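What follows is a single structure, written as structure tokens, with notes after it.
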Amino acid sequence: MLDWTIYLSFLGAGLILCLPREQKALIRWIALASGLLGLGLALGAWWSYNAAVPELTKQVALASDPIRAAFRVVCDVPWIPSLKVSYFLAYDGINLPLVVLNGFICVTGILFSWNIEHRTKEFFAFFLALIGGVYGVFLAMDLFLLFVFYELAIIPKYFIIAIWGSTRKEYGAMKLVLYSFVGSAAALLGILALYVKSGGAAGPGFDLLALKDFKFTPEFQFWCFPLVFVGFAVLAGMWPFHSWAPTGHVAAPTAASMLLAGVVMKLGAYGCLRVGMMLMPIGAKEWAFPLGVIAVINIIYGAAVAWVQRDFKFVIGYSSVSHMGFVLLGLMTLTTIGLDGAVLQMFSHGIIAGLLFAVVGRMVYDRTHTRVLAELQAMRLCDIMPFAAVTFVLAGAASMGVPGFSGFVAELQVLIGVWRAFPWLAIACGFGIVLTFAYTLQTILRAFYGERRVADEAGLRDMPPISPPEKIAATILIALTIIVGIYPNCLLNMIHLSIQPLVTLL
Amino acid sequence: MEPTTHIPWIASRLWLIPLLPFLAGGVSALLPRRYRKLSAGLAIGAIGISTLLSFCALAESILRGLQPHAGQQWSAMQTHEVWHWLTEFTWFSYGTTSLKMGFVLDPLTAAMVIMVSFVSMLIFIYSLGYMDRDKNFTRFFTFLSLFAGAMLGLVVANNLLLFFACWELVGLASYLLIGFWYHRPSAAAAAKKAFLVTKLGDIGFFAGLLWLYHATGTLQFYTPDHTGALEQATALAGLPGIMGLSLAGTIALLIFCGAVGKSGQWPLHVWLPDAMEGPTPVSALIHAATMVAAGVFLVARTYPLFQASPQVLTLVAWIGAFTAVMAATIAVAQNDIKRILAYSTVSQLGYMVMGLGVGGMAAAMFHLLMHGFFKALLFLGAGSVIHGCHNEQDVFKMGGVKKHMPLTFWTYIVGTLALAGIFPLAGFWSKDEVLTAAFNWGSGWFHKGPFVLGCIGVFLTAFYMWRQVCLVFLGEYRGDKAKAGHKHVGHEEAETQHETVPGAPHESPTVMTVPLIVLAIFSAFMGFSGLPEHANLIHHFLNPEHAPHNVNWFVIATASALAFAGLGLGHLLYGLKPLAADEPDPLKAKLGKLREFCRDKWYWDEIYEATVVRFANIASVVVDFGDRLLDGATVGLGLLARGLSLINDKFDERAINRCFDGGCGSVRLMGRCFAALQDGRVQSYLRLVAVAAALLAFWFFLK
Amino acid sequence: MTTLAHFQILASLLFAIGLFGAVTRRNAIIVLLSIEIMFNAANLSLVAFWRYSPHPEQLSGVMFAIFGIAISAAEAAVGLALVIVIYRYYKSIQVDEMRTLKG
Amino acid sequence: MEENSHILSWLTFTPLIGALVIALLPKRNEFAARGVALFASIIALLEAISLWSRFDGAYPGLQFVEQTPWILAIHADYFVGVDGLSILMVLLTAMLMPVALLASASIAKHVRSYYALMLAVQTGLFGVFTALSFFHWFIFWEAGLIPMIFIIKLWGSDGAERAALKFFFYTLVGSVALLLAFQAIYLATGTWNFIELRDLASGGALATKLAALLKQMGMNVTPEAAGMALFVGVFLGFAIKVPIWPFHTWLPDAYTKAPTAGSMILTGVLSKMGVYGFLRILLPIFPHEFAACATPLAWLAMLTIVLGAVAAMAQLDLKRMIAYSSVNHVGYCILGIVAVAHAAGGTSANVNWVNEKAAALNGAILQMFNHGITAAALFMMIGFIEERTGRRGIEDFGGLRTVAPVFAGLFGIAAMASIGLPGLNNFVGEFMIFKGAWPVITPMTALSLIGLLATAVYLLTFIQRVFCGPLNERWAKFPDLGTRELLATAPLVALMFIVGIFPAPFINLTNAAAMRLVELYQPAVKAVAQLTGM
Amino acid sequence: MDTAFIILSLITVGGAVWAVTLRNLMHAVLSLVLFFFGIAGFFFYLNADFVGWVQILVYVGAVAILAIFAIMLTHNLTAEDEPEFFSLRWLTGLAVAGAVGAVLWFAIKNNTAMSQVAPVGVASNVADIGRKMMTDWVVPFEVVSLLLTAALIGSIVIAMEQISHRK
């Protein structure tokens, strides 16, 4: 059933394209409906999988191929038999949370885009197409298929940013696309090398689960792993290939920023884990330390740069870079707890970044038409839009890794993993955390709690109030981060189940 | 409350004595200001009952002393036995042990408690008149009751901690009462000074207490099984302490610090004269009769510790002797009637401390008790004079008061003579005891020193007291009869007085004179309780282990002669030819700079101002500045991090983005190069295609 | 004896001449005609191949040639129509002046 | 004692429920917000009293324990309970909050947010004082912090943002150090549970596990050094929160700029979180490290006491003065705690040493409680002054006793309690601390006595300048305490007397647990004593 | 190599060369007609009679006429600014054509199959072509017919549109 998330998104996009462009309300509702249906499917899968976790744990423990045992196959039909490409969709505890995340970001993104009036039809069509592509990447268990969806997701991104974006939108969009393509080119090279080395069509083909059993030679893994890993990690915002992220996020319209930071960056990290680490564990081990150091640089560097930004959205953009550093670092610890944390951090950061961008882009920018912190400071927005202020404070707290929110559990696990793997880096991460608090708090205070120094009081008062769709969406996301923060079991159990056998490979 | 077996009911209910004034104080603290009579009634009633109970305690004690003991001859005077009636209770438990507290009734307690409660009661009554018009009358009795409770608690305590607690509370009461006229900045400052200076001594006391507690495991002075802190003094004498002293000596020294502070001994005497800013009954009660003597009582109470350390006793003796003379010299040159008495108090306390130091514990206590009566009498007399002279305190603005206030005059004369040590008044006997003890202390100039100083003090005492009597009571009234009020009393002060009508001095009301008379009687006759040799009841009562001194005629003669000499000199200078108004002090001409030195109190205040106070101020400023530096350093760290962040940002902008843009730029440049081929002419394309195809084919064929 | 090579070399020569014309001349009509020369050269080559092929009964070369002629006819028709239009537009049929394709 | 009751959970979340209710109230209804907040805090107080009445002081272990698995992947439990170390803190928190809310009447803007945040802070505090698993505990540790920042920032006086940020970052650096250290501990032991960690540590298993981990990781670090590093990390976290000199410079600003109730809670309870951390975490989990570091720590405690008090003497801002006084007073707690761990007397067979240390520990706990009451009362009364006059400078007043005698009297009592006057609460705690610390760390304790004197100096100066002297005519209309203010002050003052005169019930609550901790320390203390030859 | 081949070769090459070099457009087209005939001759020579007729019909009958019409419609009988001989343009053109010719010559020369003699009896009759056209080649046939129709209509539309525009 879960494959319908993909089809529904594309169907929705197609349906919207068929509608007359004047029917904006209908278009929105159709988009929302398809998003909700997708989310419903994802949640259903989550529910049944989560319920089955104890049972699966037993099976995994007994299975000869524990990684495969944790999987549930959605569909598996041959596609290009001559190349041994199949249409193979499956999910386990690693990608299921990400599918759920995508569902939530889709629904809330649509809600936050409710006010889009410029070429509404195209916007939602592109948006749904992008969502469909992302669903596809997360679900695909065939390398070829995965790559197809991966590329498929890039195109709508470009148009969404270039058409509906703001500051330097063409530049941002082009930068994003170029980085994505360069990254995916590197990854593609690696993937093809994997395919060829494993014997091409005669070997396991593109089937990820079969490929993982193929023992690639250490020499091969040594050069191929960084190719694949860095190729995917470019999309995860790995330093020094991160610079597309802030620019792209800033240029993108709200929903696209949410999607970019919330889900698209996770695509990269997911690829790193699923393709890079699962297929080339020896390479991962060889490269763990240098890449771990880069991840720490990500954390500290992103946080430090975020601290001195003058543009509200840039702060959030760089914060994403910093937080993705935790994901990469968690991956590079090669420990169960670190990987658990990394996957949870993917989910958590997806939610939080979505929320932050929603506040910045939708609630604040659409009303004040400025993102310069100094100007916002002079408005003292907490009096004008308390809901936005509270939302941002909560989102900020979650982003800082305040205990009780999802970020804390994830970062805690990552850091424990880091202690295990590279104790000295853990201390460096400490600085990163302090910097994270620094910029987040500073931003909260500046953006919402400054001193009123604006002459045009009336102009401030005339801002439209926060609309119901925004409130609903923000509430959903806040609730999610708190629920996951307080009861992370709901995701951690399944993540743990799937990560455990994976770590035994490493 | 677990009374030990077979003790009189009063001994097991000793806690009632301090509790009643405490309760009175507590209740009147909650009363609104208008309940003046109720408050005063409560206070006086409570202290009255306490006094009665104190009498019972004294009586029981004396009876206990008279009782025959197994195997001993019937002789009250000869019981060489120390006895205590103890009660104890647990304050709280900790660890596997508990902190016990208790009360003790022994001769020391009995003697002290009766003096304190009786004098307190008299002064309470006196205050009814003196404070009649004060708007904070209710508060005054609250504080007085608090003081009485604390002081009595201190006396009956069988526990150093309880003693310390009450000690601090009397300090608080003293603070509150000195600063009673809080709107006067001088009063507020004096109160603070009193509290802080005594607190300084208390720090030492507290340290001694802590050390004693650790060393003995208890703070009870005496316990039924003889393991009390004092009962272990001998053992402590064998342990090492600091500065070459034994542990007992160290603890004694620390405890003595407390006594120095509270009893106004040099070098912590500076607060006591300033404390005269308080109402006169307060000066009489707290800063003359009782609280300041608590230091002496403390040493007497913990005397076993001092006895275990001769070095400390020597120090005590010398400090006492020095203080006695120093304060007397200052008193000679003072003009304020209360300040003269205050320095006299310091001086007399010096005698007591000296007495303790030279081993005459009973003598010191005897002097303490006697001093309590006659100094209270003098202060109340002075208060009466001040009252009568419309708040005038400068003796040079008085004179001839004898005519207007005869009763005050005669009682004052009794007090003066008692203080000067004129036979047969109380002061004669007690001072004689102290001097005899000092005389007998040891041989050599070092050990005779305190005695010699004491003798000088006797002369000076007699002189300054007679100077005061002459200036105040003899001659003609030098004050401005037309002017009411007092120059250094604010206008609000006026309402504390009876009348503000201008006129001559007048006699005080009965409620004030009756206490004077009672105290005068005690001052005159109480001395007979301490006749030298075998008739020395007090000595036997307080210190049965040591035999009293024999009569030392040399000491009696010297002291009496010096006392008379002092009186004579005083009369010569001030009595024969009463001073006229605005006439300067005759001493000014005779002593010159020396008088100024004495008048300015040996410049102690200035010395402390320049050293201790300045040091404290500088220290606080330095620490505050250091804090700011520290703060700055941490803020600097933050700024450093921020600076690094800015560098990172620039790196992102200049390096990473530029790399990307540069990369894109080079791609674009390349594109431009190729675009140049694309000149839009179909034929060019064709040419290109042809050449390319040719080349390709050529290459293909060559292969 | 005339061998296949003769025909092919002739066809190549004609092709080269056509190519020369196509890249050298400026007049659009001549360029078009040069292209027709190249077409014809190719047709000649095809028919020659057929003639010398081991299986002439399949008629492949002939068929190719016929189709080629048909297509080139269509091309010529369209091309010349375009030339006319271009002339109207630019008042010239100098191919050098048509540079809208410039990158 | 009772098991299987959820009273602690209810207690913890009662204020949070209140906060949620306030958040749902209509915007304009400020009165309802005040009412709900006060109601919720009083309910919490009643729950705390019920807890207290059922608490068995003689039982040294944990009571009212609730433990359920929470996050399986990291073995984190929901684990709460109280024992003698925490019961007083729970009571203090429950008691101070209604008082602080009563003292918040002058809050005029964002009323709902203010009360909601205050209640959120209270939940955080309850959580900290009842949690027994690091993960769980840390949530509340931070949860109390964030609302506090906003309370300072939004309702504080000029410059509050800077103060709030400074407070936040100081604390944060500590928290991060703490967090990192605990992650390493978890890695070595696989548990977050304080009680298990304590048992591991006292059995020496913690060191073994640490050594095993280091070996497994191939790190060339001795387990002792690693243990010490972890100790330093955890210490830093608490030292900043307490704060111990020289980590205290955030405090004067934060306390000064915070709104009255904020200062009350900050000084009354929040600073106790750090001390409580010493008791609950640092002492039990690092016995050897603590014992080995006890001497320098004792010096630090001494410096905290003395420098805090001396710095207070230099302050011209009343609130800042009391803030420094807070540094000084909390220093006593640390002195008492250090005495427990110090090796002196460790080799002596004298059982008296155990009792001395028990006295110090009991004293430290009692001092936490006492200082919470006293300092809160002082801050509250300065807040009353500020509300009436808008000023805080020591030179701005004079003679207020003339117009506000009741106020002056109550302030005097609080000040005297702070000075350590016998019969009032602080004396008992300080006496026990000094009593216990004196034999163990004599030089530091002796020097700390200077703090007692300096405290008297600045507080009496305060009284002298503000309440005594001729009345500053500007404040001739200065009103005396109103009913609401009396209602807020009276319980605190009453407690000062109650604890000061009858400390036994309070010490009985703590003694068993304190004694157990002290005994737990004996092996470590002995080992260090033998090593250093004390 | 027989005489017919040589003559035909000369006609075709000559026609082609004139066609691409003559400056007068009309002359160039007439040379081209000559060239077309030459090619047709080759077809006949190669026994592909049908193709030869088609060549004549289409090229001479249609293309050449069309070209002449085009020339006349553009009022452009002489190309004024045609490049001079031995200008850079000529030289590059020669080089390009020479290169392609050389490559082709090279390919032919190195191919052994090129030296074979023409088999006997190879001929194409219209019936065979027609049969083939309707069987094996029916799809291309249809496509081409479609293409032709489209080209026809297209060229008319292109020309018409511009005419209508001018009105």
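The structure presented is a predicted model; accordingly, all values stated were derived computationally and were not measured. In what follows, chains carry the letters A, B, and so on, assigned in the order in which the sequence lines appear, proteins first and then strands, with residues in each chain numbered from 1.
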Quick one: pull up CG in B:Leu630 and CZ in D:Phe247 and give me the separation to the nearest 0.5 Å. 9.0 Å

Here's a test for you: under side-chain contact (heavy atoms from CB on, under 4.5 Å), which of D:Leu366, D:Asn511, D:Thr510 qualifies with B:Tyr94? D:Asn511

May I have the step-by-step check of side-chain contact (heavy atoms from CB on, under 4.5 Å) for B:Tyr175 and D:Ile463, ending in yes or no? CA-CA 12 Å; B:Tyr175 165 77; D:Ile463 292 179; 3.7 Å; yes

Interface residue of largest heavy-atom contact number with chain D, from B:Ala616, B:Ser620, B:Ser98, under 4.5 Å: B:Ser620

Roughly how far apart are D:Phe431 CZ and B:Leu99 CG, rounded to 0.5 Å? 5.5 Å

Using a cut-off of under 4.5 Å for heavy-atom pairs, which of B:Leu200, B:Val621, B:Val622 has the most such pairs with chain D? B:Leu200

Heavy-atom pairs under 4.5 Å with chain D: which of B:Leu172, B:Val623, B:Leu210, B:Ile203 has the most? B:Leu210

Using a heavy-atom cutoff of under 4.5 Å, enumerate the residues of residues 435-443 of chain D that contact chain B, numbered in order, or state 'none'. D:Lys435, D:Trp438, D:Pro439

In terms of heavy-atom pairs under 4.5 Å, which option from B:Arg628, B:Glu168, B:Lys192, B:Lys199 contacts chain D the most? B:Lys192

Looking only at heavy atoms, what is the nearest atom pair of D:Ile501 and B:Trp91, with distance? O-NE1, 2.8 Å

Which one, D:Pro470, D:Ala311, D:Pro252, D:Gly398, leads in non-hydrogen pairs under 4.5 Å with chain B? D:Pro470

Which of D:Leu361, D:Thr445, D:Thr461, D:Asn508 touches chain B most, by non-hydrogen pairs under 4.5 Å: D:Thr461

Are there residues of residues 419-430 of chain D whose heavy atoms fall under 4.5 Å of chain B's heavy atoms? If so, which? D:Ile419, D:Leu421, D:Pro422, D:Phe427, D:Val428

Flag the pair D:Pro405 / B:Arg139 as yes when at least one side-chain heavy-atom distance between them is below 4.5 Å, and no otherwise. no

Top of B:Trp211, B:Phe195, B:Phe625 for chain D proximity - count of heavy-atom pairs under 4.5 angstrom: B:Trp211

Residue pair B:Leu196 / D:Leu453: nearest heavy atoms and the distance that separates them: O-CD1, 3.9 Å

